[in-house]
Amino acid sequence: MKGERMIILIDQDGVLANYEERMLDIFHEEHPEIPRIPHEELTEFNTHKAYSEEYWEEIENIALRPDFFRSLPPIDGAIEGVQELLRLGVGVRICTAPKKIFKHCVGEKYEWIHRHFGQKMVNKITLTRDKTLVRGEILIDDKPEITGSRKPEWEHVLFDQPYNRHIEDKRRLNWQNFREVLGL
Ligand SMILES: [Mg+2]
């Protein structure tokens with residue numbers, strides 16, 4: 001804790017890494033005949049559900065392929081945003097849930113963090129499917145509701161995405177306004 005003003009847990013997919021855009025890029029490369037749903041119209045947290053049910057499994061399975069997680073582009077401002085938090089003395093931790101089918105996901109998520117932030121940040125990854133067990137003052141996450149086996153210690157601050165705008169009782173931020181929203 002020495003020197004750290006507070007611990008902020010940061011989700012990886014949909015906050016740092018652009019999971020859904022990459023998934024849809026691949027899907028539409030392979031299906032040029034299907035009209036692409038614009039990002040702002042993606043109102044489902046589970047991206048595949050924005051499409052007709054016959055494609056659900058195919059879209060979901062894209063994320064299980066080798067090289068998928070490795071190839072995710074950063075979300076605009078995310079890399080600089082994390083570096084800024086570190087400069088401000090915030091205790092940044094990556095808190096991310098692995099896929100149940102983990103073969104490629106786990107290693108490639110680590111690789112992604114290593115490539116963009118280096119070994120120091122790899123040492124600060126918590127990989128868990130129950131984020132309520134992890135301690136910290138704030139969790140920045142794009143998922144509308146985060147549940148688990150405990151009442152969380154952290155405040156869930158939404159990373160703004162079109163699919164979480166129906167949630168009105170939580171603070172929300174992006175990598176352009178996080179300093180103001182968090183009062184840093
Ligand atoms: Mg996420």
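In what follows, every heavy atom counts, from backbone to side chain, and hydrogens, waters and symmetry copies are set aside.
- Of the possible donor and acceptor atoms, one in the side chain of N164 sits under 3.5 Å from a partner among the backbone N and O of F159.
- Remark: of the listed residues H104, K109, E111, E111 is the sole one forming a side-chain contact (heavy atoms from CB on, under 4.5 Å) with R70.
- The two residues P144 and F45 make their nearest non-hydrogen contact at CD-CD1, 3.7 Å.
- Here the shortest heavy-atom pairing between K131 and W154 reads O-NE1, 3.0 Å.
- By the 4.5 Å heavy-atom criterion applied to side chains, D13 and L72 are counted as neighbours.
- Residues I34 and I59 share a single hydrophobic cluster, defined by chaining ILVMFWY side chains whose heavy atoms lie under 4.5 Å apart.
- Rounding to the nearest 0.5 angstrom, the gap separating the CZ atom in R93 from the CD1 atom in I138 is 14.0 Å.
- Judged purely by atom type and a 3.5 angstrom limit, R22 has no side-chain atom pairing as donor or acceptor with the backbone of A17.
- Clustering ILVMFWY residues whenever any of their side-chain heavy atoms sit less than 4.5 angstrom apart, transitively, puts L133 in a cluster other than the one holding I140.
- Using cut-offs of 30° and 60° on the angle between ring planes, the pair Y51 and H28 is tilted.
- In terms of modelled atom types and a separation under 3.5 Å, the side chain of Y163 and the main chain of T47 share no donor-acceptor contact.
- We find the CD1-CG distance between I146 and D130 to be 10.5 Å, quoted to the nearest 0.5 Å.
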Exercise for review: Check the pair E145, K170 against salt bridge (charged side-chain N to carboxylate O under 4.0 Å, His left out), reporting the backbone distance first and the verdict last.
Suggested key: CA-CA 10 Å; E145 299 287 356; K170 292 176 185 172; 3.3 Å; yes
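- Listed for the R171 side chain is a donor-acceptor partner under 3.5 Å among the backbone atoms of V181.
- Side-chain contact between K120 and L86 is absent, with no heavy-atom pair separated by less than 4.5 Å.
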Review point. Yes or no on side chain to side chain contact (heavy atoms under 4.5 Å, CB included) for I26 and R65, after CA distance, side-chain angles and deciding distance?
Key: CA-CA 11 Å; I26 294 171; R65 297 181 189 180; 3.4 Å; yes
Practice item. Report the C-alpha separation of R135 and I7 in whole Å, then their side-chain angles, then the decisive distance to 0.1 Å, and conclude whether the side chain to side chain contact (heavy atoms under 4.5 Å, CB included) test is met. Key: CA-CA 8 Å; R135 298 179 68 181; I7 301 274; over 6 Å; no
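- A salt bridge links E40 to R165: one of the charged nitrogens lies within less than 4.0 Å of a carboxylate oxygen.
- We find that E41 and R36 are not joined by a salt bridge, their nearest charged nitrogen and carboxylate oxygen being 4.0 Å or further apart.
- Between K143 atom NZ and D11 atom CG the span is 9.5 Å, to the nearest 0.5 Å.
- No path of Ile, Leu, Val, Met, Phe, Trp and Tyr side chains, each step under 4.5 Å between heavy atoms, connects Y19 with W56, placing them in separate hydrophobic clusters.
- Side-chain contact check for L158 versus I167: some heavy-atom pair is nearer than 4.5 Å.
- In this structure the side chain of I94 reaches within 4.5 angstrom of the side chain of L16, judged on heavy atoms.
- The distance from the CD atom of E21 to the CE atom of M23 is 11.5 Å, given to the nearest 0.5 Å.
- At most 12 heavy atoms of other shown residues, nucleotides or ligands fall within 6.0 angstrom of atom CD in E57.
- Put simply, the side chain of F178 does not reach to within 4.5 Å of the side chain of V157, judged on heavy atoms.
- One N or O on the side chain of H156 and one on the backbone of D141 form a donor-acceptor pair closer than 3.5 Å.
- Across every non-hydrogen atom of D76 and W175, the tightest pair is O-CB, 3.6 Å.
- Looking only at distances, no side-chain donor or acceptor of N46 sits under 3.5 Å from a matching main-chain atom of H48.
- The aromatic rings of H116 and W112 sit tilted relative to each other, their planes meeting at an angle between 30° and 60°.
- From N18, atom CG reaches atom OG of S71 across 11.0 Å, with rounding to the nearest 0.5 Å.
- Judged purely by atom type and a 3.5 angstrom limit, T132 uses its side chain to pair as donor or acceptor with the backbone of S149.
- When the side chains of ILVMFWY residues are joined at heavy-atom separations under 4.5 Å, either directly or via intervening members, V122 and V90 end up in a single hydrophobic cluster.
- Between the side chain of K103 and the backbone N or O of L64, no donor-acceptor pair lies under 3.5 Å.
- Although no hydrogens or angles enter the test, the distance criterion places no donor-acceptor pair under 3.5 Å between the side chain of E137 and the main chain of I8.
- Minimum interatomic distance between C105 and P98 (heavy atoms only, all atoms of both residues): SG-CA, 3.9 Å.
- Closest of all the heavy-atom pairs between V92 and K124 is O-CD, 3.5 Å.
- Rounded to the nearest 0.5 Å, atoms OG1 (T126) and CD1 (I10) are 12.0 Å apart.
- With respect to R172, the side-chain hydrogen bond (donor to acceptor under 3.5 Å, both in side chains) criterion is satisfied by exactly one of D142, D160, N177: D160.
- With a 4.5 Å cut-off on side-chain heavy atoms, I75 and Q161 count as touching.
- Between D67 and E108, the closest heavy-atom pair is N-OE2, 2.9 Å.
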